[in-house]
There are 2 protein chains.
Amino acid sequence: MAFMIAQRAYIKLYLITKVEQRRGYGYQMLEEMKEEFKLFGYVPPLSEIYRALHELVQEGVLYRTKQLKGNDPSVDFQEIVLYHFTEDGRDKAKLYKKQVKTDLDRCIGMLQKAVQDNYN
Amino acid sequence: MAFMIAQRAYIKLYLITKVEQRRGYGYQMLEEMKEEFKLFGYVPPLSEIYRALHELVQEGVLYRTKQLKGNDPSVDFQEIVLYHFTEDGRDKAKLYKKQVKTDLDRCIGMLQKAVQDNYN
DNA sequence: ACATGAACACCATGTTCATCC
DNA sequence: GGATGAACATGGTGTTCATGT
């Protein structure tokens with residue numbers, strides 16, 4: 001058993017939830033997460049977001065579609081990659097989240113234990 | 001800011017507390033920690049314990065003394081290494097614990113946030 | 001088996017570079 | 001500057017090896 005949950009798993013968890021809520025593409029998710037974790041001083045690295053998304057595709061949870069960002073192709077040629085659940089992606093994601101939940105609880109327990117054991 | 005607290009820091013914290021309570025040597029601390037974390041399925045690796053102790057010595061927090069384990073040298077020649085606080089070791093340790101506490105709280109916060117954000 | 005230590009190998013992650021619009 | 005991706009480098013950590021009692 002590893003000591004703490006891996007950053008990759010943590011990010012995957014958030015990405016899955018974001019896809020469940022039909023929110024966008026990699027770069028956007030990164031910006032959202034940056035904002036969400038600002039208070040914690042944690043800045044999720046760009047590379048980890050993409051790696052996590054690629055892994056989820058590799059594992060058959062998500063598939064990709066490409067799309068132009070803007071409505072008017074004559075103005076905006078920026079291509080973005082959108083992510084969606086595959087046929088059995090929702091089930092796989094559900095299972096994955098379940099496993100991560102167990103690990104999250106375990107980690108919280110270990111950290112709280114450390115506070116109890118080593119302070120006052 | 002790193003994602004999660006490092007295993008090294010976590011172990012150092014426990015080792016400092018153990019030295020505060022005048023408990024023993026490396027191997028013994030390892031066995032104690034193994035027992036303490038059995039419920040979490042976490043087995044602190046031997047090498048990390050020693051590395052952590054060495055670092056604390058390097059940082060001037062602890063110093064070492066050697067001693068025979070048993071009372072009777074004719075029976076037990078096993079040499080063990082005991083750890084004690086240096087002159088200003090207690091202050092350094094106190095500061096270190098304070099810093100780790102901040103990080104522990106931050107990590108607990110991030111994990112709890114993940115639970116809130118991604119489940120139900 | 002108890003005890004300490006170092007060496008080695010691996011893998012997650014952080015940083016940088018490359019590419020396109 | 002927005003967006004995606006890969007390459008490279010570093011460092012923490014797990015495993016093994018070495019040594020002695």
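Within every chain, numbering begins at 1; the chains are lettered A, B, ... in the order of the sequence lines, protein sequences first and strands thereafter. Scope of the values below: all heavy atoms of this structure, side chains included, with no hydrogens, waters or symmetry mates.
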Rounded to the Å, how far apart are [X] [atom1] and [N] [atom2]?
| X | N | atom1 | atom2 | result |
| --- | --- | --- | --- | --- |
| B:L30 | C:dA1 | CG | P | 15 Å |
| A:M1 | D:dT13 | CE | P | 17 Å |
| A:K12 | C:dA12 | NZ | C1' | 12 Å |
| A:E48 | D:dT4 | CD | P | 16 Å |
| B:M4 | D:dG12 | CE | P | 17 Å |
| A:L68 | D:dT4 | CG | C1' | 14 Å |
| B:K66 | D:dT19 | NZ | C1' | 12 Å |
| B:Q28 | C:dA1 | CD | P | 18 Å |

Candidate nucleotides [options], ranked by approach to the side chain of [X] - the nearest:
| X | options | result |
| --- | --- | --- |
| B:H54 | C:dA6, C:dT13, C:dC2 | C:dA6 |
| A:P45 | C:dA3, D:dG5, C:dG14 | C:dG14 |
| A:R51 | D:dA7, C:dG5, D:dA3 | D:dA7 |
| A:R8 | D:dG5, C:dA12, C:dG5 | C:dA12 |
| B:Q7 | D:dA3, D:dT13, C:dT4 | D:dT13 |
| B:I80 | C:dT4, D:dT13, C:dA12 | C:dT4 |
| A:L46 | C:dG5, C:dA3, D:dG5 | D:dG5 |
| B:S47 | C:dA6, D:dG5, D:dG12 | C:dA6 |

Report task. Would you mind telling me which residue lines up with the more 5' stretch of DNA chain D, A:F3 or A:R64, judged by nearest nucleotide? Result ->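 Looking at DNA chain D, the more 5' nearest nucleotide goes with A:R64.
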
**Report entry** side-chain N/O A:Y27 vs D:dG2 OP1/OP2, d < 4.0 Å
**Finding:**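 Affirmative; the distance criterion is met.
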
Query raised in the report: Can you tell me if the side-chain N/O atoms of A:Y50 get under 4.0 Å from OP1 or OP2 in D:dA6?
Result: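 No, A:Y50 has no side-chain N/O under 4.0 Å of OP1/OP2 on D:dA6.
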
Requested in this report: Under 4.0 Å between any heavy atoms, over every strand shown, what does B:Y10 touch: base, sugar-phosphate, or nothing? Just pick one.
Outcome: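 Answer is nothing: B:Y10 stays at 4.0 Å or more from every strand.
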
Query raised in the report: Within the structure shown, what part of the strands sits under 4.0 Å from B:Y42 by heavy-atom distance: base, sugar-phosphate, or nothing?
Result: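 The residue B:Y42 makes no contact with any strand.
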
Query raised in the report: NZ of B:K97 to CD of B:E20: how many Å apart, nearest 0.5 Å?
Result: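 That separation rounds to 3.5 Å.
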
Query raised in the report: Once you round to the nearest 0.5 Å, how far does CD of B:Q28 lie from NZ of B:K18?
Result: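 Rounded to the nearest 0.5 Å, the CD-NZ separation comes to 8.5 Å.
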
Report task. For A:Y42 and A:Q7, test the side chains for any donor-to-acceptor distance below 3.5 angstrom and give the result as yes or no. Result ->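 The answer is yes; a qualifying pair exists.
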
Query raised in the report: If you look at every heavy atom in A:T17 and B:D117, which pair is closest and at what distance?
Result: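 Answer, listing the atom of A:T17 first, then B:D117: CG2-O, 3.9 Å.
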
Query - Criterion side chain to side chain contact (heavy atoms under 4.5 Å, CB included) on A:Y14 and B:K113, from CA distance to verdict - result: CA-CA 11 Å; A:Y14 270 87; B:K113 174 174 168 55; 3.5 Å; yes

Query raised in the report: Is the number of heavy atoms from other residues, nucleotides or ligands within 6.0 Å of CD (B:Q21) greater than 12?
Result: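 Enclosed.
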
